[in-house]
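Given the structure is predicted, the values throughout are model-derived calculations rather than measurements.
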Amino acid sequence: RREGENRLGPNLHKIVGRKAGAWPNYAYASAMKAADTVWDKATLDRFIANPDQVVPGHNMKPYGGIASVEDRAKIVAFLEASGGN
């Protein structure tokens, strides 16, 4: 999707370096808004693997995570390619 466009979830353009729950004009779960998390490669990898451990109450059900290290690495690389802050 294009920068600034939200759909089912918040826009992930330039997510690396952004505080969790901080994208404007998106109705985040209160747990995500309150999370003291800045998305870096390691945190994104942990969240993609098991979101409940990183931000309990994140409101992304039924997503439970991706076990494959390789798949997570590809996702994080894709997110990095969208630019950082």
Side-chain angles (χ1 to χ4, degrees):
R1 67 181 101 150
R2 290 184 285 262
E3 182 176 2
E5 183 180 44
N6 296 323
R7 292 190 184 167
L8 184 57
N11 192 291
L12 300 179
H13 186 78
K14 296 184 178 180
I15 192 169
V16 177
R18 186 189 325 155
K19 184 180 181 317
W23 189 258
N25 302 317
Y26 184 77
Y28 288 97
S30 58
M32 189 65 78
K33 283 193 240 178
D36 189 23
T37 300
V38 173
W39 299 118
D40 60 18
K41 287 171 60 172
T43 305
L44 283 165
D45 180 64
R46 287 191 348 261
F47 186 80
I48 294 166
N50 188 336
D52 291 333
Q53 285 185 343
V54 178
V55 183
H58 55 78
N59 201 29
M60 290 180 48
K61 304 296 180 194
Y63 177 73
I66 296 174
S68 169
V69 173
E70 295 81 16
D71 288 348
R72 292 194 321 265
K74 289 175 187 175
I75 294 168
V76 171
F78 175 81
L79 292 172
E80 277 189 301
S82 75
N85 289 335

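At distances below 3.5 Å, at least one donor-acceptor pair connects side-chain atoms of Lys19 with backbone N or O atoms of Ala35. Put simply, the side chain of Tyr28 never gets that close to the backbone of Ala34: no donor and acceptor are under 3.5 Å apart.
Note that CH2 of Trp39 is 6.0 Å distant from CD1 of Ile15, once rounded to the nearest 0.5 Å. Note that NZ of Lys74 is 13.5 Å distant from CD1 of Ile48, once rounded to the nearest 0.5 Å. One distance of note links CE of Met32 with OH of Tyr26; it measures 9.0 Å at 0.5 Å rounding. In this structure, CZ in Phe78 is found 12.5 Å from CG in Leu44, a value given to the nearest 0.5 Å.
The side-chain hydrogen bond (donor to acceptor under 3.5 Å, both in side chains) contacts involving residues 47-59 comprise Asp52-His58, Asp52-Lys61, where partners must be two or more places apart or lie in separate chains.
Linking ILVMFWY residues whenever their side-chain heavy atoms come closer than 4.5 Å, directly or via other members, leaves Leu79 and Val38 in distinct clusters.
Scored by the side chain to side chain donor-acceptor pair (under 3.5 Å) test, Asp40 finds Thr43 as partners (sequence neighbours excluded).
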Side-chain polar contacts of residues 64-73 - donor-acceptor pairs under 3.5 angstrom, sequence neighbours left out - could you list them?
unit_1, atom_1, unit_2, atom_2, d
Ser68, OG, Glu70, N, 3.4
Ser68, OG, Glu70, OE1, 3.3
Ser68, OG, Asp71, N, 3.1
Arg72, NE, Asp45, OD1, 2.7
Arg72, NH1, Ile66, O, 3.2
Arg72, NH1, Ala67, O, 2.8

